[in-house]
Student: 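Here it is: the structure, laid out below.
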Amino acid sequence: MATVAAAPWFRARLIPELKSRQSLLYCRNGPRRYPQSLCFRRRSFSIYASAGDEGAVRVRFAPSPTGNLHVGGARTALFNYLYARSKGGKFVLRIEDTDLERSTRESEEAVLRDLSWLGLAWDEGPGIGGNYGPYRQSERNALYKEFAEKLLQSGHVYRCFCSNEELEKMKEMAKLKQLPPVYTGRWASATEQEVLEELTKGTPYTYRFRVPKEGSLKIDDLIRGEYALDILEGTGMMRCRPIDTSMDPNVKLLPGRGIHLVILTVSVLSQFMTSPCNSHWETIVCILQYIKSAPDKGLLYEDQGHEHIIGADWTGSDRRSTSEYCVLIEESEYRAIAAAATCELGLDQTVSWNFDTLGDFVIMRSNGQPVYNFCVTVDDATMAISHVIRAEEHLPNTLRQALIYKALGFPMPHFAHVSLILAPDRSKLSKRHGATSVGQFRDMGYLPQAMVNYLALLGWGDGTENEFFSLEQLVEKFTIERVNKSGAIFDSTKLRWMNGQHLRSLPSEELNQIIGERWKDADIVTESQGVFVQDAVLLLKDGIDLIPDSEKALSSLLSYPLYETLTSTEGKLILEDGVSEVAKSLLAAYDSGELCGALAEGQPGWRNWVKKFGKLLKRKGKSLFMPLRVLLTGKLHGPDIGATTVLLYKAGTSGSVAPQAGFVTFDERFKILREVQWESFSSNVPLSAGVVTH
């Protein structure tokens, strides 16, 4: 097993603040003194972590096999893959299957299949192996237990013998007191004798991590910049703030108007944490009240179109329905306010949590199974992961994992938290918005190169207007610095359009093979290859965005809905243009063999014939080709009429079209034309009474 502490790629500064002394703990029988190893004093901590550029880059994608691969997970995997390849590093695949009830081997196989389909080949992982395996968490339990015991011996964790009933009672008591439902520390200060008694009785227990009472964590996020997580002693508050407020990306210079400070009140983290909005709101109130307390500073409140946006008479009332507040202040005053009010800003740059919602958390369950945050930390450290690129919904896990890194003496990797993929209504993309898994899009006929291209553009760009990239080009162009902080909107219409562009850019041989096989499987053609298939693909490809579209396109071409067209609103214009006279001349050309002889010569023959036909009728342009299109194809719109007519003629003579395809041959089309009672259209006679239908 590799020793991560010696990994050359990482540089970290750890600042322990634990003083070497015994702890004074108040127990039921009065104050007692116990050795540090038995009653571990809550301590403060300070960690500064930044990853250097030297050494090997190792990233990982760690899906849970509890369902299909979501497009959000696929994008995270893609960004990890691109970063590793662009840096000459390793892309590791690890299966996080500690959720024994929901994890299935079928889901794991589906995830592996989807990643392979996207072309994201992993260097280490299931099916390949590597020097840091095993690569399934369910096969690493012995390792987790080993490190859990180390933490127990060092005093960073303790055994908790609380029953489920006791824990539920703690939650109920906290609810009555309107406090977060966190563990009260019942067994944090237990004596050695009390622990031995429970062990003797065989009472089940969990391992709980001792959370420090104060400290700070500084993270240089590759996407969000450098920020700090502070645990404020005596307040139970965790604060997240920019390291350098002058570089805060929420602050935008407005020429002649000072600094534009935007404070977001709605956080994506609200769905994960107990009460982030309340604490965040208190901070906003604090800042704004500080500003209002100094009217001589010439502050200006800007109305952004919200009817209840703050104005000069704002009193700090609770108006949580407002999505944002905008305040204009001078740059020097912003620095002072940021320092005085400990400016906490929105999720797009930094986040804040209530630290009192954390509590001493479980790392090993009573059944011996490890908990997610413990597994992830041990795995990333022992697998020498240098960069953790993951979704922003993992931001709340950063503190727990940082505490475990510190306790085990592991250096922290570089973090990069990618924004969420949003639906058009800006909510989190979910099943209610339609297809969301890679497998669904594959089954719908999307190409892997189109999916990869589109997913890469959800939050990243190369700085140019170019939108089309191959996987190889993405590797060459990708930089983590150009990944956006804000959420990306998933636009299924654009994805479909992009897939069409990629489909039409395929080499003709490959495109013919893909679509030909589709037509053969759909029983439209008798052979998946040949001149007819090549000509049909060439004619129809501009109208095909998804591979399944090709079935409808060819079936439509082979059909002859003449009467539906003539009775439509648009068909009325054709009737008024004397289409019946064109039909008579066209029937004569067909009966004489002139038309079929010309079509047998291909498009050159068609061009010569249609030129003579136009002169005969004294028609040209739209006046000639629109009636011909309707009479020959039965439709008002479609691809080039000459190429279409030649292809229809070949379809009837080559035997390439399957009998069950519903193809209306030339003979059948002209038979229908002979039976049309044109006068019934002009006299508004009902179709069933005056027109022969087919």
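Everything quoted here is computed from the prediction, not taken from an experiment. Excluded from the calculations below are hydrogen atoms, water molecules and symmetry mates; all remaining heavy atoms, backbone and side chain alike, are included.
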Student: Verify side chain to side chain donor-acceptor pair (under 3.5 Å) between Tyr446 and Gln440, making sure each step is shown before the conclusion.
Tutor: CA-CA 9 Å; Tyr446 284 87; Gln440 285 177 300; over 6 Å; no
Student: Would Met451 and Leu118 count as a side chain to side chain contact (heavy atoms under 4.5 Å, CB included) if you check the C-alpha gap in whole Å, the side-chain angles of each, and the deciding distance to 0.1 Å?
Tutor: CA-CA 7 Å; Met451 285 297 300; Leu118 291 171; 3.9 Å; yes
Student: Could you measure the distance from the CZ atom of Arg208 to the CD1 atom of Ile363? Nearest 0.5 Å is fine.
Tutor: 11.0 Å
Student: Arg102: what forms a salt bridge (Lys or Arg N to Asp or Glu O under 4.0 Å) with it, not counting sequence neighbours?
Tutor: Asp99
Student: Determine yes or no for a side-chain-to-main-chain donor-acceptor pair under 3.5 angstrom, with Tyr454 supplying the side chain and Asp491 the backbone.
Tutor: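 Confirmed, Tyr454 side chain pairs with Asp491 backbone.
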Student: Gln369 side chain to Arg365 main-chain N or O, any donor-acceptor pair under 3.5 Å?
Tutor: no
Student: So, using side-chain contact (heavy atoms from CB on, under 4.5 Å) as the criterion, who are the partners of Val388 when residues are at least two apart?
Tutor: Arg60, Asp380, Ile385, Arg390, Pro413, Phe415
Student: Apply side chain to side chain donor-acceptor pair (under 3.5 Å) to Thr493 and list each qualifying residue two or more places apart in sequence or on a separate chain.
Tutor: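 Result, side chain to side chain donor-acceptor pair (under 3.5 Å) vs Thr493: none returned.
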Student: With side chains defined as the heavy atoms from C-beta onward, is the minimum distance between Asn512 and Gln529 less than 4.5 Å?
Tutor: no
Student: Step through the shown structure and confirm whether more than 12 heavy atoms of other residues, nucleotides or ligands are within 6.0 Å of CD on Gln501.
Tutor: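 Buried by this count: over 12 neighbours within 6.0 Å.
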Student: Check whether the ring centres of Phe469 and Trp460 lie less than 6.0 Å apart, and answer yes or no.
Tutor: yes
Student: Nearest 0.5 angstrom please: Leu82 CG to Leu455 CG, how far?
Tutor: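 If I round to the nearest 0.5 Å, the distance is 10.5 Å.
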Student: For Leu403 and Arg400, what are the C-alpha separation, side-chain angles and deciding distance, and is it a side chain to side chain contact (heavy atoms under 4.5 Å, CB included)?
Tutor: CA-CA 5 Å; Leu403 292 172; Arg400 290 178 174 87; 5.5 Å; no
Student: Taking only residues two or more places apart in sequence, or in another chain, which ones meet Arg504 in a salt bridge (Lys or Arg N to Asp or Glu O under 4.0 Å)?
Tutor: Asp545
Student: Under the rule for salt bridge (Lys or Arg N to Asp or Glu O under 4.0 Å), what residues qualify as partners of Asp379, not counting sequence neighbours?
Tutor: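 Asp379: salt bridge (Lys or Arg N to Asp or Glu O under 4.0 Å) contacts with Arg94, Arg140.
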Student: Side-chain contact test, heavy atoms from C-beta onward, threshold under 4.5 Å: evaluate it for Leu506 versus Ile514 and give yes or no.
Tutor: yes
Student: As a quick check of understanding, evaluate side chain to side chain contact (heavy atoms under 4.5 Å, CB included) for Phe61 and Leu120, giving each step before the final call.
Tutor: CA-CA 11 Å; Phe61 177 58; Leu120 307 183; over 6 Å; no
Student: Quick one: list whatever passes side chain to side chain donor-acceptor pair (under 3.5 Å) with Ser107, sequence neighbours left out.
Tutor: Thr104
Student: Does Leu503 reach the side chain of Leu546, with side-chain heavy atoms less than 4.5 Å apart?
Tutor: no
Student: Starting at OG1 of Thr398, measure out to CD of Glu392 and round the result to the nearest 0.5 Å.
Tutor: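 If we round to the nearest 0.5 Å, Thr398:OG1 and Glu392:CD are 11.5 Å apart.
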Student: Using a 4.5 Å cut-off on heavy atoms from C-beta on, say whether the side chain of Ile95 contacts that of Pro63.
Tutor: yes
Student: Can you name the ring-ring contact (aromatic ring centres under 6.0 Å, His included) partners of Phe209, sequence neighbours left out?
Tutor: Phe361
Student: For the atom pair CD (Glu101) and OG1 (Thr98), what is the distance rounded to the nearest 0.5 Å?
Tutor: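 That separation rounds to 11.5 Å.
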Student: Does Phe490 reach the side chain of Val71, with side-chain heavy atoms less than 4.5 Å apart?
Tutor: yes
Student: Do you know which two heavy atoms are closest between Phe91 and Ala121, and how far apart they sit?
Tutor: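 Nearest heavy atoms, Phe91 then Ala121: CD2-O, 3.6 Å.
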Student: If we ignore hydrogens and angles and just use 3.5 Å, is the side chain of Glu510 paired with the main-chain N or O of Pro507 as donor and acceptor?
Tutor: no
Student: With sequence neighbours excluded, what pairs up with Phe147 under the ring-ring contact (aromatic ring centres under 6.0 Å, His included) test?
Tutor: Phe410
Student: With rounding to the nearest 0.5 angstrom, report the CG to CG distance, Asp549 to Leu554.
Tutor: 13.0 Å
Student: Can you list every ring pair (Phe, Tyr, Trp, His ring centres under 6.0 Å) pair that touches residues 497-518, not counting sequence neighbours?
Tutor: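 Sorted pair list: Phe468-Trp497, Phe468-His502.
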Student: In residues 471-480, what donor-acceptor pairs under 3.5 Å come from side-chain atoms, sequence neighbours left out?
Tutor:
residue: Glu472; atom: OE1; partner: Ser470; partner atom: OG; Å: 3.4
residue: Gln473; atom: OE1; partner: Ser470; partner atom: N; Å: 2.8
residue: Gln473; atom: OE1; partner: Ser470; partner atom: OG; Å: 3.4

Student: Is the His387 ring parallel, tilted or perpendicular to the Tyr83 ring (thresholds 30°, 60°)?
Tutor: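 Ring orientation of His387 relative to Tyr83: tilted.
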Student: With side chain to side chain donor-acceptor pair (under 3.5 Å) as the test, would you mind laying out the steps for Tyr158 and Asp360 before giving the verdict?
Tutor: CA-CA 10 Å; Tyr158 58 88; Asp360 290 353; 2.8 Å; yes
Student: Please confirm whether the backbone N or O of Gly461 pairs with a side-chain atom of Arg482, one donor and one acceptor, at under 3.5 Å?
Tutor: yes
Student: Under 3.5 Å, side chain of Ser419 to main-chain N/O of Ser486, donor-acceptor pair present?
Tutor: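 Yes.
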Student: May I have the step-by-step check of side chain to side chain contact (heavy atoms under 4.5 Å, CB included) for Ser103 and Thr66, ending in yes or no?
Tutor: CA-CA 5 Å; Ser103 297; Thr66 57; 3.8 Å; yes
Student: Using distance alone, with no hydrogens and no angle criterion, decide if Gln401 and Asn373 have a side-chain donor and acceptor under 3.5 Å apart.
Tutor: yes
Student: If a pair satisfies salt bridge (Lys or Arg N to Asp or Glu O under 4.0 Å) and one of its residues is in residues 110-137, list it, with sequence neighbours excluded.
Tutor: Arg58-Glu124, Arg85-Asp123, Glu108-Arg136, Asp114-Arg442, Arg136-Glu139
Student: Working to the nearest 0.5 angstrom, can you tell me the gap between Asn499 CG and Ser492 OG?
Tutor: 12.5 Å
Student: Can you name the residues that form a salt bridge (Lys or Arg N to Asp or Glu O under 4.0 Å) with Lys145, not counting sequence neighbours?
Tutor: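 With neighbours one apart ignored, the set is empty.
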Student: Counting only N and O atoms by type, is there a donor-acceptor contact under 3.5 Å from the side chain of Thr464 to the main-chain atoms of Asn466?
Tutor: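 Side chain of Thr464 to backbone of Asn466: a pair is present.
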Student: Taking side chain as C-beta onward, heavy atoms only, is Val533 less than 4.5 Å from Ile515?
Tutor: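 In short, these two side chains do not touch, never coming nearer than 4.5 Å.
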Student: Does Val92 reach the side chain of Tyr132, with side-chain heavy atoms less than 4.5 Å apart?
Tutor: no
Student: With heavy-atom distances below 4.5 Å as the criterion, would you say the side chains of Leu408 and Val378 are in contact?
Tutor: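 Yes - at least one pair of side-chain heavy atoms lies under 4.5 Å apart.
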